[in-house]
Amino acid sequence: MTTPPDYAFPTRVESHSKGGPPRGRLNRWLMEHRVAPVGRAGEEEHGQPQAWWKVMCLTGVDYFSTLSYLPAIAAVAAGALSPIATLLIVVLTLFGMLPMYRRVAKESPNGQGSVAMLEKLLPFWRGKVFVLVLLGFVATSWIITITLSAADATVHMVENPFFPSFLHGREVLVTVVLLLILGGVFLLGFSEAVIVAIPLVGVFLALNAVIVVAGVVELVAHPELVSDWWGALTSGGNIAGPAILAFPLLVLGLSGFETGVSMMPLVAASGADAKERLASRVRNTRKLLTTAALIMSVYLVSTSLITTVLIPKKEFEPGGQAVGRALAYLAHAKLGEVFGTVYDVSSILILWFAGASAMAGLINIVPRYLPSYGMAPEWGRAVRPVVLVYTAICIVITIAFGADVNAQAGAYATGILAMMVSGAFAVTVSAIRRKARGSAIGFTVLTLVLLYALVANVIEKPDGITISAMFVAGVILISLVSRVTRTTELRADHIEFDDEARRFITDSLDYDGKLNLIANKRQAGDEAEYRAKEAEQRDLNPVPGAADVIFLEIDVIDPSEFSDILRVTGVEVAGFRILRAASPAAPNAIAAILLALRDATGVRPHCHFEWSEGNPLHHVFRYLILGQGDTAPVTREIIRAAESDPTRRPGIHVG
């Protein structure tokens, strides 16, 4: 057995940018839970993994809460055709949305959802811009879900005769209080949010089951009611046409799938290794999606039927008692005021907490992208700070819209449909690439159906796309500003050196106790190039004639990325020793390597450059977009920002 070589340089050096732990009790508490970025093999988790059915309850507070208002929307939109239109939603759920998101769970198992699948379709900046636009629609959907659900809970609260009358006219204040309480739950942690969600969902579904059973019993006892409904249904002749036209208004009954796959990291899994645990998480997430879809499908069909048949048509007209609360009307009318009040309280609670699944989705997906693009601060990975930011945004939106449910409905539907269309398109492309012809045809049809619903919704409620566009513009603007302000950050999480690189560094230190590096942008990579470069630098820069030198080369890869692990390899060409690394930006990588050399050896390294030709402003834009430009001054500025002591900064020399 051979003994590994003993080098005076470690294999791994922590990045100088990492610093120490947060100072102060408040900062440590705020930064305690973090979201792992996409693609990183980290063990960071921001919540204790939970059984799949528990996570289903957290996603279900949004999905299942639509029962509070969807039957009323269906009755108003389709009249006697409401059960038929709802049946279309159920068919789409079981044979379209469920297979689609089961596929998303398999191909994007780390909580990125369909966003990650779409990002792979377009390289570099085109993919990043596409993701930013999509994240704008995601933010629209989930933030409006939070504000709309809280506002709807306020409406149920204010309109209930048993609640204090002084709440009338104070809807905005009540909604803001509900949002603050919701944010407070998430500041405690995800486990606490799951604990709250389980009884809310269980009680709400049980109460709805009682209403459904009572309604079905009455239909069986009075079959003439069903006969009258069927007569009204068939008297118009064409059934399919009006049902299809009403279909786009009912897509709110499809919400919850994207949230379900975005919370996959919270789903507990078992297995001997990471691969088995990942497969287990996919299986458990599929159980979550399937169970939720089956439960919701049964409730959608049954509640639509009993509300359409048992509630007089006049009660769905403006000012009627069933407007926006059809099941609550039946609860009061058929099961008494006590049961009706209990149902109202349950509806208020689940509508209020419906924002929890949206908040969970935002926390799980947005921080996985923007910080790694350099388009959000690093603290954007921490759960509690982003909860505070999202809560503040929700309060501003609530005040701006006066806690008006109808004013936010268009943006809510637009955001949800945009996410569904993107997901359907992603799985369609995936099926085509896998040459799964049947799946490709089915998902293509699904994409067209959802696209029809999106276009119809935009035509019906154009304010929705306007609000979504504002969110998209806001995400892009904030991202670009953050990208510019973070240009001088060290981007490497840590630096890894292979044995050959460690040998070069050790030999150079043994030669003269110093580290002199020559930055080179590789062209041919042959002996003539390195010989000419060394001669040029010894002539232009103060490199001592007898000093030992090592070349340093950075290959720029995907400059649209930001943070990453920096791996340095040693390469020897005709006796010339080269340290090579691949990074999204050359100056940041050079600065990180120089600081790592200093930290690991205690020797202040010196790096030699030549001036770049061209306009300095042109180089600035090249650096921001392409990760390379006039490297020397940017490298020096990055080092200056990272090291406050001038005497400890690696030397930067330009000739």
Side-chain angles (χ1 to χ4, degrees), residues 35-39 45-47 49-64 92-94 96-121 131 134-135 137-139 141-142 145 190 193-194 197 251 253-269 277-296 356-369 415-431 439 443 446-447 450:
V35 176
V38 172
E45 291 293 347
H46 54 280
Q50 305 283 341
W52 64 267
W53 63 269
K54 294 182 179 180
V55 180
M56 184 191 73
C57 289
L58 185 56
T59 64
V61 288
D62 174 27
Y63 192 27
F64 300 140
L92 184 64
T93 297
L94 297 179
M97 304 301 294
L98 181 57
M100 177 178 98
Y101 279 102
R102 284 172 63 89
R103 187 69 205 177
V104 171
K106 181 176 178 61
E107 295 201 19
S108 183
N110 295 313
Q112 310 100 302
S114 59
V115 177
M117 296 175 64
L118 289 167
E119 183 188 21
K120 297 174 184 176
L121 299 178
V131 169
L134 189 55
L135 288 179
F137 283 105
V138 169
S141 172
W142 284 339
T145 295
F190 268 84
V194 172
V251 292
L254 299 175
S255 65
F257 284 101
E258 188 76 31
T259 312
V261 293
S262 74
M263 284 193 279
M264 286 185 69
L266 283 178
V267 178
R277 288 192 294 273
L278 189 63
S280 174
R281 178 168 288 118
V282 171
R283 289 194 302 270
N284 289 339
T285 301
R286 287 180 162 184
K287 292 178 185 177
L288 181 159
L289 296 172
T290 303
T291 304
L294 291 174
I295 291 173
M296 192 60 174
S357 64
M359 181 73 81
L362 284 167
I363 291 170
N364 270 288
I365 195 167
V366 176
R368 295 181 185 276
Y369 288 95
I416 289 175
L417 282 166
M419 292 166 59
M420 292 177 182
V421 170
S422 64
F425 178 71
V427 295
T428 300
V429 174
S430 171
S439 296
F443 287 136
L446 177 63
T447 303
L450 293 174

Checklist entry - Can you tell me how far the OH atom of Tyr63 sits from the CG atom of Leu289, to the nearest 0.5 Å? => result 9.5 Å
Next on the checklist: Would you say that Leu294 contacts Leu98 through its side chain, given a criterion of any heavy-atom pair below 4.5 Å between the two side chains?
Outcome noted: no
Checklist entry - Taking Arg286 for the side chain and Arg102 for the main chain, is one N or O donor matched with an acceptor at less than 3.5 Å? => result yes
Item to check | Within-4.5 Å side-chain heavy-atom neighbours: Met56 and Lys287 | outcome: no
Checklist outcome for this item: Rounded to the nearest 0.5 angstrom, the CE-CZ distance for Met420 and Phe137 is 14.0 Å
Item to check | Close side-chain approach of Val282 and Met264, heavy atoms under 4.5 Å | outcome: yes
Checklist entry - Which pair of non-hydrogen atoms, one from Thr59 and one from Leu288, has the smallest distance, and what is that distance? => result OG1-CD2, 4.1 Å
Checklist outcome for this item: All heavy atoms of Ser141 vs all of Gly415, minimum pair found to be CB-C, 3.6 Å
Checklist entry - Does some side-chain heavy atom of Met97 sit less than 4.5 Å from a side-chain heavy atom of Met100? => result yes
Checklist outcome for this item: Taking every heavy atom of Thr93 against every heavy atom of Ala293, the minimum-distance pair comes out as CG2-CB, 3.9 Å
Next on the checklist: Between Leu92 and Leu446, is there a side-chain heavy-atom distance shorter than 4.5 Å?
Outcome noted: yes
Checklist entry - Looking at Val421 and Thr447, what are the two nearest heavy atoms and their distance? => result O-CG2, 4.5 Å
Next on the checklist: As an exercise, state the distance from CZ of Arg283 to CG of Leu278, rounded to the nearest 0.5 Å.
Outcome noted: 10.0 Å
Checklist entry - Judged by atom type as modelled, is there a donor-acceptor pair below 3.5 Å linking the side chain of Ser430 to the main-chain atoms of Ala426? => result no
Next on the checklist: Could you check whether any side-chain heavy atom of Met359 comes within less than 4.5 Å of a side-chain heavy atom of Trp142, counting everything from C-beta outward?
Outcome noted: no
Checklist entry - What are the two closest heavy atoms between Ala51 and Ala268, and how far apart are they? => result N-CB, 4.1 Å
Checklist entry - Do Gln50 and Leu266 have side-chain heavy atoms sitting under 4.5 Å apart? => result no
Checklist entry - Quick one: does Phe64's side chain get under 4.5 Å of Ile295's, heavy atoms only? => result yes
Checklist outcome for this item: OG1 (Thr290) and CH2 (Trp52) are apart, to the nearest 0.5 Å, by 8.5 Å
Checklist outcome for this item: Taking every heavy atom of Cys57 against every heavy atom of Ala197, the minimum-distance pair comes out as O-CB, 3.8 Å
